[in-house]
A.B. asks: 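Just passing along the structure, written as structure tokens.
What you see is a predicted model; the values in this text were computed from it and never measured.
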Amino acid sequence: MAPTQPFELRWGIISTGNIARSFVLDLLIDPKTRDVQDVVHRVTAVGSRSLSTAEDFVRKYANGDKSIKTYGSYAEVYADEDVDAVYIGTPHTCHYENALDAIKATKHVLCEKPVTSNAAELRSLLAAAKEQGVFFMEALWTRFQPLVKEVKKIAESGVLGEPVALQADLSSDFKLQELPKTHRILNPYLGGGALLDLGPYPLIWALLALYEHPSNKKSKPSHIIGAMLKTPLTGVDRSTSFTVTFAPNSSSTSNTLAAQAVLSCNINAASYQTGVVIRYEDGTIAVHAPIYCPRSFTVQYFEEGNPGSVVKEETRRFEYAGNGWHFQADEVARCVRDGKVESELWGHDKSLLEMEIFDEVRRQGDYKFPPGVEKVV
């Protein structure tokens, strides 16, 4: 019997910024280097607001591949019959319109995080994707990395008991005083600030460890509490902390998880080495920075009947070619191949919950976007 040919997904790239560069560089790595035999990827089109920028992008980051078509507009990528799926790497306040245009052109969509400016925009996109019958996923690449899958396997094996508390932080010192106020991290018209730019990463660990835990039965948080410290430069959030609590709302509910996540993000402070700590009844898992693409984590096992007394500790490390962006692309390819419209690992429910939490934290922090930024409210 002849070997089955791997499924090839043909990609169109929307935007030529830093994040699109990282995605494409990983996309072009031979999947066999990560022991993936069933799918392959091909970039067939790149769109930018100027043709010369698209051409320069292909020359620098796609080995000058002459087979890749370059366009001076996004609309031409959506119209290209040789494009199966589009990757959207524009600023997040552009995601709604870019994704909607792609969906209307019946393209499958992988859209950068945060997937939209608010939950209402996302609901609108999901309705459009359902109507067109196309696959749609937020590009929360961390969820698909091998380390994350291993953490989840250990966490849900029961060896550490139930989760009780989680702390996660992602911060970066952007040197705000040196940036122009039009920079994406400072510009409220681009959804600037810590929460939407950095917040998805602390939150994904809370959703992975708590929301997805079998004891939670996919129940939404019982409480969300947030606080923001804004920069006087432009009024976007400079520092944001938010607590997400999962607890049964009544004795009749089927979920039994009672745990809390304390999450934070800052755009004026450096990150620290242990970005995530998940505490369980019988041990802890510490994930080493950077939390968006960690390469190691440490598990501590407590002595039976003596919580906090460590009797065993092990650190696991992960190495692979590339920087971890390609695993989400493999997921998209498999889902498209199998006729799925959403991923089981990072489904629509999780992106919706993420945006609902962000909406609530912004509400409590009184961070309102300028008029016209939110296309659906």
Side-chain angles (χ1 to χ4, degrees), residues 6-15 17-43 61-62 83-90 92 95 98-99 102 107-116 122 125-126 129 134-152 170 197-198 200-201 203-205 207-208 212 287 290-295 318-338 340-355:
F7 174 80
E8 180 184 74
L9 189 63
R10 302 173 301 173
W11 289 90
I13 307 301
I14 302 300
S15 173
N18 289 333
I19 202 162
R21 296 169 195 169
S22 298
F23 179 73
V24 167
L25 287 170
D26 269 15
L27 200 63
L28 297 177
I29 294 173
D30 186 348
K32 292 186 179 66
T33 63
R34 55 186 180 273
D35 197 28
V36 170
Q37 313 289 334
D38 59 328
V39 296
V40 294
H41 306 279
R42 182 156 63 96
V43 177
Y61 306 108
V83 171
D84 303 313
V86 297
Y87 166 81
I88 296 172
T90 53
H92 30 272
H95 288 175
N98 296 153
K107 303 301 184 187
H108 305 292
V109 175
L110 176 64
C111 185
E112 261 309 327
K113 60 83 204 161
V115 64
T116 50
L122 178 54
L125 287 182
L126 295 179
V134 296
F135 175 86
F136 183 89
M137 189 177 84
E138 180 182 21
L140 252 169
W141 57 308
T142 308
R143 181 62 184 85
F144 305 95
Q145 294 162 13
L147 177 147
V148 176
K149 293 182 178 180
E150 184 64 18
V151 167
K152 184 174 172 65
L170 180 63
D197 195 78
L198 303 178
Y201 294 115
L203 181 56
I204 192 180
W205 285 99
L207 299 188
L208 172 85
E212 292 185 19
V287 181
I291 68 171
Y292 47 80
C293 188
R295 294 298 183 107
F318 294 76
E319 298 297 334
Y320 44 79
N323 292 306
W325 300 84
H326 34 35
F327 298 110
Q328 63 180 344
D330 296 340
E331 174 74 3
V332 175
R334 291 180 180 122
C335 289
V336 170
R337 176 197 64 192
D338 297 342
K340 297 179 179 179
V341 295
E342 66 178 305
S343 164
E344 293 179 9
L345 293 183
W346 189 255
H348 297 162
D349 63 316
K350 294 166 195 173
S351 290
L352 270 172
L353 178 55
E354 172 197 8
M355 296 315 303

A.B. asks: With sequence neighbours left out, what residues match F135 under ring-ring contact (aromatic ring centres under 6.0 Å, His included)?
C.D. replies: none
A.B. asks: Checking E344 now: which residues fulfil side chain to side chain contact (heavy atoms under 4.5 Å, CB included) with it, not counting sequence neighbours?
C.D. replies: K340
A.B. asks: Looking at A85 and L9, what are the two nearest heavy atoms and their distance?
C.D. replies: CB-CD2, 4.1 Å
A.B. asks: Please enumerate all residues that pass side chain to side chain donor-acceptor pair (under 3.5 Å) together with Y201, with sequence neighbours excluded.
C.D. replies: W141
A.B. asks: Indicate the atoms forming the closest heavy-atom contact of Y292 with T142, along with that distance.
C.D. replies: O-OG1, 2.8 Å
A.B. asks: Applying side-chain contact (heavy atoms from CB on, under 4.5 Å) between H348 and each of L125, L126, L122, report the one that passes.
C.D. replies: L126
A.B. asks: ring-ring contact (aromatic ring centres under 6.0 Å, His included) with Y61: which residues, sequence neighbours excluded?
C.D. replies: F57
A.B. asks: Has W205 got a side-chain atom pairing as donor or acceptor with I291's backbone, closer than 3.5 angstrom?
C.D. replies: yes
A.B. asks: Considering residues at least two apart in sequence or located in another chain, which fulfil the side chain to side chain donor-acceptor pair (under 3.5 Å) criterion with Y320?
C.D. replies: R295
A.B. asks: May I ask you to test the P31-H326 pair for a side-chain heavy-atom distance under 4.5 Å?
C.D. replies: no
A.B. asks: Is there a donor-acceptor contact under 3.5 Å from the side chain of E138 to the main chain of S351?
C.D. replies: no
A.B. asks: Among pairs that include at least one residue of residues 20-31, which meet salt bridge (charged side-chain N to carboxylate O under 4.0 Å, His left out), considering only residues two or more places apart or in two chains?
C.D. replies: none
A.B. asks: Could you grab the distance from atom CG of L140 to atom SG of C111, nearest 0.5 Å is fine?
C.D. replies: 10.5 Å
A.B. asks: Is the shortest heavy-atom distance from the side chain of V336 to the side chain of D84 under 4.5 Å?
C.D. replies: no
A.B. asks: Could you walk me through whether M137 and E342 pass side-chain contact (heavy atoms from CB on, under 4.5 Å), step by step?
C.D. replies: CA-CA 6 Å; M137 189 177 84; E342 66 178 305; over 6 Å; no
A.B. asks: By side chain to side chain contact (heavy atoms under 4.5 Å, CB included), which residues pair with K152, not counting sequence neighbours?
C.D. replies: R143, E156, L208, E212
A.B. asks: Which salt bridge (charged side-chain N to carboxylate O under 4.0 Å, His left out) pairs, counting each pair once, include a residue from residues 320-338, with sequence neighbours left out?
C.D. replies: R34-D330, D38-R334, D38-R337
A.B. asks: Could you tell me whether a side-chain N or O of H41 sits under 3.5 Å from a main-chain N or O of W11, the two making a donor and an acceptor?
C.D. replies: no
A.B. asks: Hey, does I88 have a side-chain heavy atom less than 4.5 Å from the side chain of V109?
C.D. replies: yes
A.B. asks: So, using side chain to side chain contact (heavy atoms under 4.5 Å, CB included) as the criterion, who are the partners of E150 when residues are at least two apart?
C.D. replies: K153, I154, F297, R316, F318
A.B. asks: Under 3.5 Å, is there a donor-acceptor pair between the side chain of K350 and the main chain of L345?
C.D. replies: yes
A.B. asks: Excluding sequence neighbours, so at least two apart, what forms side chain to side chain donor-acceptor pair (under 3.5 Å) with E112?
C.D. replies: Y87
A.B. asks: Who are the side chain to side chain donor-acceptor pair (under 3.5 Å) partners of T90, not counting sequence neighbours?
C.D. replies: N98
A.B. asks: Would you give the length of the straight line joining atom CG of D349 to atom CG of L207, rounded to the nearest 0.5 angstrom?
C.D. replies: 9.0 Å
A.B. asks: Provide the closest heavy-atom pair for M355 versus V115 in the form atom of the first, atom of the second, distance.
C.D. replies: CG-CG1, 4.0 Å
A.B. asks: Considering residues at least two apart in sequence or located in another chain, which fulfil the ring-ring contact (aromatic ring centres under 6.0 Å, His included) criterion with F136?
C.D. replies: none
